Engineer: 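Sharing a structure below in structure tokens format, with a few things to ask.
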Amino acid sequence: MNEHYVRNVIEAALLAAGRPLAVDELVAVFDERDEAKADEVRAALAALAAEYEPRGIELVEVASGFRIQIRPAIAPPVSRLWQERPAKYSRALLETLALVAYRQPITRGEIEQIRGVSVNPNIVKTLLERNWIRVVGQRDVPGRPELLGTTREFLDYFGLRRLDDLPTLAQLKELENLRVQLTLPGAEPILPAGESERAGAGEGEGAGEAEGADVGADAGADAGEGAAETVGDPA
Amino acid sequence: MNEHYVRNVIEAALLAAGRPLAVDELVAVFDERDEAKADEVRAALAALAAEYEPRGIELVEVASGFRIQIRPAIAPPVSRLWQERPAKYSRALLETLALVAYRQPITRGEIEQIRGVSVNPNIVKTLLERNWIRVVGQRDVPGRPELLGTTREFLDYFGLRRLDDLPTLAQLKELENLRVQLTLPGAEPILPAGESERAGAGEGEGAGEAEGADVGADAGADAGEGAAETVGDPA
Amino acid sequence: MKPELTPIPHGAAPAQAEMPFAVVEGQPVTIMPRDLYIPPQALEVFLEAFEGPLDMLLYLIRRQNLDILDIPIAEITRQYMRYIELMQVLQLELAGEYLLMAATLAEVKSRMLLPRPETPAAGGEDADPRAELVRRLQEYERFKRAAEGIDRLARLERDTWVASAELTDRKVVRIPPQVTLQEMLIAFQEVLARSDMFAHHHVQREALSVRQRMTDVLSSLTAESFMDFTRLFRPEEGRRGVTVTFIAVLELMREGLIEIAQAEPYAPLHVRLGSAARNLALAAEGGAANEEMTST
């Protein structure tokens, strides 16, 4: 029987089956008229295996037969098909990050003191994994708690050249309606989805102060719009 | 980026996904470092399609993207992998589906009007369960009947990219010349052998009312006969 | 176990007399010639195969190669009635639609008997009495054909299958969430609002560069070995940079985070991560360090 035909049918059968196929199952696919013998099937399998050599798939033999699978080397990009949609970071995480940025070097205990609640260890872990904060030393007190500071990646991510580009506490205090009016370099007027309602409310309340704080009233309006847009945006 | 790598990853991704992938899903598989542009992905897809030309598989574009599938030409051997026959859908189901596909949005009542019979609720249920049709709204008439439309899954299942890819619907023939034919004397239709005698008896005598009356009278008697004959025959 | 019934494509058979209208268990079946024996079961299957009165009418018309636009109503009605009676005799469940159609046919037929005006009003009431029936038949036939067309499409699980390959070690890839600077600052503002930090005047205009430098200095030191004090400074940063570093060092000493050692007066200063006790001892020499610094 035509060698190419056998190979084509076997490849198609393996790809259609969604499970490993034994040689005799593959033989059975061909009807009597163009019956393929087991050795023809084996030859076709060998040819397929060779054909896949430079490719992202491979033909392997497992307990119940032969199957075509993704080459492990190429699994990482392919796995991205199943990547999870990012969840939003919690308020606690953002507060922790902000405290590390403004009060570094700082220990977890000190963060807890300021925030008034204990810091979930996972938050620190997440921030460390994200490479936004790092352990810069240990405070020489009982327990030798780790001191946390921000990283260069932190600055890069937020578009800051140096920590000084962050608004000072005094500025922050003036900008009571930060949500609405902040126009920092690299700070797009984008609010997270959950924030949009409150942003709207804030805009209304603080209109008077907004102008005092040297950011235009129209900036407020813009931010409001921005918030509405953002709901669908980050996804 | 390496053209072969892109092609390998795309082939592997399509095979791993087991569902159609849109171009932007394929682009997203590559990370920022070796980001593939949409046109690179498209080029790779075209290359894959050409590569599969002599093979038992093919790359097709359906409504939700691209997928690799078994070439229908070699379906006969491949279908032997499964014991059970593929599901056969009744004419009633297919006609209902066709009406929803071509006439959407459409209500059940409108389907019944065109088909001349009531729609079995199980048919609509099956179509909904298969996710081929869905309720797209309600018509603003008393009873607010549900409006049905087809889904992306319907297009995918039948290998269509969009509704326009459905076979074209036959044109309605014009009725204009109907009257002309009616009034033409001797424009009687030619009846086939089996029925011609009786038809001749009715129609052959000429145009006009008398003919109709004749046939009418005959029809009743004949129908009775016919039934009796046919039933009586086998006995 | 049900015998398969395949209607013959319309208009396919050239000779009407031999045209079978159904194939039952592989055998062509022609019912109409009276002498042909048809097993009742097959007849039943045949009659049940109709999708309703329109389908049956269409069959009667197509079987005789009649033009759908010019149906001999009387004849078709007669044939239709015969089937209806057949169905009743066979006690097939007869849907009401079949009887409704019978009535419609009878009505059309009777209207055909009435004389028609010479010049019909355009689009008027007195159009061909068959017009509505013809329209319905055509409309139904279009969708009957469309259904056949859909059935012919290469569809999944029958004509084709999605090709798939196993991905054995799938890694779950998590994309980290995006955060904007503004979000972080909003969070910070709320912390500040909750705590009394705004009240503390000492944080009012604190230069963040000092904080950052404190972090930098700390991470460049180890507890084990001393580092040359001057290596903490980068002259290329200019006077301001050096000052920031120096304030950072003082702050770190105050907090007991580093310690500075000097072998003898005016000898080079060395720094390492601190222990609070030693740091206290050295704090007094801060002034000397200061002098040393400014002289460089």
Side-chain angles (χ1 to χ4, degrees), chain A residues 15-16 18 57 67-70 72 75-76 78-80 82-89 91 94-95 97-99 102-105 114-116 130 134 136-137 139-141 147 149-150 158-159 162-164 166-170 172-173 178-179 182 184 186-192 195 234, chain C residues 160-195 197-198 200 203-209 211-221 223 252 255-259 273-277 279:
Chain A
L15 289 173
I57 52 177
R67 78 163 173 228
I68 297 170
Q69 64 180 34
I70 310 303
V78 174
S79 294
R80 254 176 238 132
W82 290 273
Q83 60 201 358
E84 290 174 5
R85 291 187 133 244
K88 291 240 75 128
Y89 282 139
R91 169 56 48 97
L94 294 175
E95 288 181 7
L97 177 62
L99 281 168
Y102 276 90
R103 304 291 295 158
Q104 59 189 299
I114 297 172
R115 290 194 55 233
R130 187 94 201 237
R134 64 199 161 127
V136 295
R139 201 175 285 295
D140 203 10
V141 295
L147 286 161
T150 53
F158 290 100
R162 59 186 93 82
L163 220 47
D164 271 349
L166 285 173
T168 63
L169 293 188
L172 274 180
K173 190 180 183 182
L178 177 65
R179 227 173 250 124
L182 197 70
L184 281 169
E188 316 93 16
I190 285 176
L191 286 185
E195 296 297 317
Chain C
T160 187
W161 296 265
V162 176
S164 66
E166 195 73 22
L167 179 58
T168 44
D169 51 350
R170 187 204 297 177
K171 296 163 179 65
V172 177
V173 182
R174 286 194 177 79
I175 310 176
Q178 302 292 301
V179 179
T180 64
L181 180 60
Q182 190 172 10
E183 283 175 81
M184 186 186 72
L185 293 175
I186 289 165
F188 188 51
Q189 244 188 356
E190 288 189 0
V191 176
L192 296 179
R194 283 206 311 272
S195 73
M197 280 177 73
F198 273 135
H200 282 243
V203 294
Q204 279 298 334
R205 284 219 66 92
E206 185 169 34
L208 279 161
S209 49
R211 288 263 156 211
Q212 182 167 25
R213 193 54 56 92
M214 286 165 72
T215 292
D216 293 344
V217 168
L218 266 184
S219 54
S220 66
L221 295 176
L252 286 168
E255 291 187 29
L257 293 170
I258 60 170
E259 60 179 56
L273 292 183
S275 85
N279 181 59

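Heavy atoms only: backbone and side chains are in, while hydrogens, waters and symmetry mates are out. For clarity, every value in this text was computed on a predicted model and none was experimentally measured.
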Engineer: Heavy atoms, side chains only, cut-off 4.5 Å: are Val217(C) and Val136(A) in contact?
Structural biologist: no
Engineer: Sort Val162(C) into side chain, backbone, both or neither according to what part of it lies under 4.5 angstrom from a heavy atom of chain A.
Structural biologist: backbone
Engineer: Measure across Ala165(C) and Gln69(A) and return the closest heavy-atom pair with its distance rounded to 0.1 Å.
Structural biologist: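 Scanning both residues completely, I find the closest heavy atoms to be CB-CA, 4.2 Å.
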Engineer: To the closest 0.5 Å, what do you measure between CZ (Arg139(A)) and CG (Leu218(C))?
Structural biologist: 8.5 Å
Engineer: Would Thr215(C) and Arg134(A) count as a side-chain contact (heavy atoms from CB on, under 4.5 Å) here? Give the steps.
Structural biologist: CA-CA 9 Å; Thr215(C) 292; Arg134(A) 64 199 161 127; 3.3 Å; yes
Engineer: Taking all non-hydrogen atoms of both residues, which atom of Leu167(C) and which atom of Trp82(A) are closest, and how far apart?
Structural biologist: CD2-CZ3, 3.4 Å
Engineer: Give, for atom CD1 of Ile70(A) and atom CD of Glu166(C), the distance between the pair rounded to the nearest 0.5 Å.
Structural biologist: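 CD of Glu166(C) is found 9.0 Å from CD1 of Ile70(A).
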Engineer: Taking all heavy atoms of Ser164(C) and all of Gly18(A), pick out the closest pair and write down the distance.
Structural biologist: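 Smallest heavy-atom distance, with atoms named: OG-CA, 4.2 Å.
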Engineer: Go through the atoms of Thr168(C) and report whether side chain, backbone, both or neither lie under 4.5 Å from a heavy atom of chain A.
Structural biologist: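 The answer is the side chain of Thr168(C).
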Engineer: Do Leu185(C) and Leu166(A) come close enough that some side-chain heavy atom pair is under 4.5 Å?
Structural biologist: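 The answer is yes, as the side chains (C-beta and beyond) meet within the 4.5 Å cut-off.
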Engineer: About how many Å separate CG of Leu94(A) and CD of Gln182(C), when rounded to the nearest 0.5 Å?
Structural biologist: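 One finds 12.0 Å between CD of Gln182(C) and CG of Leu94(A).
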Engineer: What's the spacing between Gln212(C) CD and Gln104(A) CD if we round to 0.5 Å?
Structural biologist: 6.5 Å
Engineer: Given heavy-atom pairs under 4.5 angstrom as the criterion, report whether the side chain, backbone, both or neither of Arg130(A) touches chain C.
Structural biologist: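 It is the side chain, since no backbone atom gets that close.
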Engineer: Taking side chain as C-beta onward, heavy atoms only, is Trp161(C) less than 4.5 Å from Leu15(A)?
Structural biologist: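 Contact flag for Trp161(C)/Leu15(A) side chains = no.
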Engineer: Counting only non-hydrogen atoms closer than 4.5 Å, does Arg162(A) touch chain C with its backbone (N, CA, C, O), its side chain (CB onward), both, or neither?
Structural biologist: both
Engineer: Taking all non-hydrogen atoms of both residues, which atom of Val179(C) and which atom of Phe158(A) are closest, and how far apart?
Structural biologist: O-CE2, 3.7 Å
Engineer: Could you tell me which non-hydrogen atom of Leu257(C) sits nearest to which non-hydrogen atom of Pro105(A), and how far apart they are?
Structural biologist: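 Heavy atoms only, the tightest pair is CD1-CG, 4.2 Å.
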Engineer: In Å and rounded to the nearest 0.5 Å, what is the OG1 to CZ distance from Thr150(A) to Arg211(C)?
Structural biologist: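 One finds 11.5 Å between OG1 of Thr150(A) and CZ of Arg211(C).
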